[in-house]
Amino acid sequence: MTRWTFLLGGLVIWAAHFSGAYAIASIADVQGTPDHPAALVSVGAITLVALALNGAILLWAARCPRFLEHDDPELARLWRGVGGLGALTSALFVIWQGLPAVLAV
């Protein structure tokens, strides 16, 4: 299970951030104005949390995870690259989706 968490962690973080930002924006739109300060701060907060989690996965990929120590070195390098690339891609998407909230504050 740890291997799947490592490989898909970044993409799961991005999906959770997307869902949370969309839900906050939808609730704010129904309640009144979509650029309400509480909505913007909430989206900014979940953006920071998602970026921190992606950073943790990138750090985890930078040092060889313990579950990869007994694998073939080339396979371990591939797993580290795929996990790190997923987290990096996720961080890029999280920044892109959270940018309107950060710029509006």
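- Here CG of Asn54 is found 11.0 Å from CG of Leu59. Values are rounded to the nearest 0.5 Å.
- Side chain of Ser19 to main chain of Ala15: a donor-acceptor pair is present (N/O by atom type, distance under 3.5 Å, no hydrogens or angles).
- Contact detail for Leu11 and Ser90: the closest heavy-atom pair is N-CB, 4.4 Å.
- Cluster annotation: Val82 is connected to Trp60 through the hydrophobic network of ILVMFWY side chains, with a link wherever side-chain heavy atoms come within less than 4.5 Å.
- Atom CG of Leu92 sits about 10.0 Å away from atom CD of Gln97, to the nearest 0.5 Å.
- Note that CD1 of Ile13 and CZ of Phe93 are 14.0 Å apart. Values are rounded to the nearest 0.5 Å.
- One hydrophobic cluster, built from ILVMFWY side chains closer than 4.5 Å, holds both Leu7 and Leu78.
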Considering only distance and modelled atom types, tabulate donor-acceptor pairs under 3.5 Å from the side chains of residues 38-52, sequence neighbours left out.
unit_1 : atom_1 : unit_2 : atom_2 : d
Ser42  : OG     : Ala38  : O      : 2.8
Thr47  : OG1    : His17  : NE2    : 2.8
Thr47  : OG1    : Val43  : O      : 2.7

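- Note on Val94: it does not cluster hydrophobically with Val12, by side-chain heavy-atom contacts below 4.5 Å among ILVMFWY residues.
- Using cut-offs of 30° and 60° for the angle between ring planes, the Trp14 and Phe18 rings count as tilted.
- Members clustered with Ile27: none, using a 4.5 Å side-chain heavy-atom cutoff among hydrophobic residues.
- Annotation for Gly83 and Ile57: closest pair O-CG2, 4.1 Å, computed over non-hydrogen atoms.
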